[in-house]
There are 2 protein chains.
Amino acid sequence: MKNDDAWKGLGDFIRSQRELANLSLRQLAEVAKISNPYLSQVERGIYKPSADVLKSIANALHISAESMYAQAGLLDEETEATPGHGVENAVRLDPRLTTDQKETLIRIYRGFTDRPASRQINSLPEG
Amino acid sequence: MKNDDAWKGLGDFIRSQRELANLSLRQLAEVAKISNPYLSQVERGIYKPSADVLKSIANALHISAESMYAQAGLLDEETEATPGHGVENAVRLDPRLTTDQKETLIRIYRGFTDRPASRQINSLPEG
DNA sequence: CGCATGCGCTAGGTAAACCTAGCGCATGAC
DNA sequence: GTCATGCGCTAGGTTTACCTAGCGCATGCG
């Protein structure tokens with residue numbers, strides 16, 4: 001993924017996380033202490049925010065700065081190299097999940113990552 | 001360490017790493033593909049470089065982007081996530097998942113852990 | 001209906017990130 | 001001595017990050 005594409009992807013990522021958190025653009029901008037027009041422009045890929053701003057947005061969304069930088073293509077690829085195992089391990093170690101829930105999540109995760117790309121987009125697995 | 005102090009500290013860090021690698025300012029700037037006056041100003045704390053520039057300098061010095069961001073105070077001190085955050089961050093960091101898939105997995109995860117996605121962020125429980 | 005409040009966004013302004021041109025100094029070769 | 005090449009840096013210019021003021025639209029209330 002090229003850097004330019006990463007920045008556009010970052011805007012989409014921020015928007016999706018914001019919507020996931022059920023926040024309006026103005027609410028997130030206020031918590032992150034940036035102007036809402038600027039956040040709108042960042043989400044649409046018009047501007048590349050500084051690392052400071054990325055960190056503020058990450059904190060406001062309660063996600064780690066690291067995952068934000070990774071989304072922006074700002075971490076080394078080797079730093080990102082373990083996430084496949086990371087998701088499965090994190091699920092297995094989570095004390096809040098039952099065994100059945102863990103199996104389900106891992107099955108879904110594997111369904112997403114093992115199928116051909118044409119089957120992935122916007123599709124939930126059966127069941 | 002405050003952010004302003006971190007930026008000055010970053011400049012000192014870059015200079016010391018550069019000298020350690022026995023590179024002149026112009027040599028490092030050329031490898032990192034930035035102008036040498038600007039690198040000089042960054043080293044003296046006059047300007048705060050963007051994350052892109054930080055990454056280029058880190059690569060040119062053969063050090064990890066992550067340690068560069070940490071030196072600049074741009075990483076969370078609480079990188080040790082709680083288990084709940086571990087799953088969500090692992091999902092977000094996984095380069096094999098599309099944004100939609102990440103959203104889906106996180107929604108399912110939150111449904112399993114009774115973490116309502118529709119709540120306002122300020123009223124989320126500790127976790 | 002008017003008014004208040006919320007939404008995301010445009011337009012123009014300011015500040016700073018980053019650049020190029022070129023300076024003064026140091027060193028080495030002839 | 002001159003000339004070439006290296007050094008780090010200043011000054012002014014360009015680009016872009018980020019801001020404020022305010023728009024149009026939607027919704028709810030009296």
Side-chain angles (χ1 to χ4, degrees), chain A residues 2-61 65 68-69 71-74, chain B residues 2-61 65 68-69 71-74 118-123:
Chain A
K2 288 188 173 181
N3 255 358
D4 288 350
D5 293 342
W7 288 109
K8 182 62 177 71
L10 173 75
D12 294 338
F13 173 72
I14 291 172
R15 178 165 291 217
S16 70
Q17 295 301 312
R18 173 170 68 79
E19 289 166 352
L20 210 58
N22 204 29
L23 292 172
S24 73
L25 188 134
R26 292 184 180 195
Q27 286 168 331
L28 177 58
E30 182 176 345
V31 177
K33 295 187 168 65
I34 62 175
S35 74
N36 69 75
Y38 183 62
L39 177 59
S40 171
Q41 286 153 349
V42 167
E43 285 189 353
R44 287 173 287 132
I46 294 174
Y47 293 123
K48 301 198 292 190
S50 67
D52 275 343
V53 171
L54 282 180
K55 187 166 187 276
S56 294
I57 295 172
N59 289 343
L61 285 170
M68 184 68 86
Y69 302 143
Q71 187 67 36
L74 292 169
Chain B
K2 286 186 180 180
N3 254 357
D4 289 351
D5 294 340
W7 288 110
K8 184 62 179 68
L10 173 75
D12 294 337
F13 174 72
I14 291 171
R15 175 164 294 213
S16 68
Q17 294 299 312
R18 174 169 68 79
E19 289 167 350
L20 213 57
N22 204 28
L23 294 171
S24 73
L25 189 134
R26 290 185 182 197
Q27 288 169 330
L28 179 59
E30 182 174 346
V31 176
K33 296 187 169 63
I34 63 175
S35 74
N36 69 76
Y38 183 61
L39 177 58
S40 170
Q41 287 152 347
V42 167
E43 286 189 353
R44 288 173 286 133
I46 294 175
Y47 293 123
K48 299 197 301 192
S50 67
D52 273 345
V53 170
L54 281 180
K55 188 168 187 282
S56 294
I57 295 172
N59 289 344
L61 285 171
M68 184 69 86
Y69 302 142
Q71 187 68 36
L74 291 168
S118 61
R119 288 268 183 96
Q120 291 292 332
I121 193 165
N122 285 339
S123 61

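Below, chains carry the letters A, B, ... as their sequence lines are ordered, and counting in each starts from 1. Note that these values count all heavy atoms, side chains included, but never hydrogens, waters or copies made by symmetry.
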Next item on the list: Mark yes when over 12 heavy atoms from residues, nucleotides or ligands other than B:Q41 sit less than 6.0 Å from its CD; otherwise mark no.
Entry: yes

Note to self: Using whole Å, what does the distance between atom P of nucleotide C:dA15 and atom CD of B:Q41 come to?
What the structure shows: 19 Å

Note to self: Rounded to whole Å, how long is the line connecting atom CD1 of B:I57 with atom C1' of C:dC18?
What the structure shows: 12 Å

Notebook entry, point to check: Got a sec, which residues hit side chain to side chain contact (heavy atoms under 4.5 Å, CB included) with B:E19, two or more places apart in sequence or on another chain?
Noted result: B:R15

Item checked: Positional range of nucleotides in DNA chain D within the contact set of chain A, heavy-atom, under 4.0 Å -> D:dA17 to D:dA21

Next item on the list: Mind calculating the distance between CZ (B:R44) and C1' (C:dA17) to the nearest angstrom?
Entry: 15 Å

Next item on the list: Using the side-chain contact (heavy atoms from CB on, under 4.5 Å) rule, pick out the option among A:K33, A:M68, A:R18 that qualifies with A:I57.
Entry: A:M68

Item checked: Residues in side chain to side chain contact (heavy atoms under 4.5 Å, CB included) contact with A:D12, at least two apart in sequence or another chain -> A:K8

Item checked: Contact summary for B:L25 and B:L39, nearest pair of heavy atoms -> O-CD2, 3.5 Å

Check: Looking at residues at least two apart in the chain, or sitting in another chain, which of them share a side chain to side chain contact (heavy atoms under 4.5 Å, CB included) with B:S56?
Finding: B:A32

Notebook entry, point to check: Who are the side chain to side chain contact (heavy atoms under 4.5 Å, CB included) partners of A:V42, not counting sequence neighbours?
Noted result: A:I14, A:Y38, A:P49

Margin query: Short of 4.0 Å, heavy atom to strand atom, which residues of residues 17-27 of chain B count as contacting DNA chain C?
Written below: none

Notebook entry, point to check: Below 4.5 Å, heavy atoms only, C-beta onward: do B:V31 and B:Q27 meet side chain to side chain?
Noted result: no

Next item on the list: Name the residue closer to the 5' end of DNA chain C, choosing between A:P37 and B:Y38 according to the nucleotide with the nearest heavy atom.
Entry: A:P37

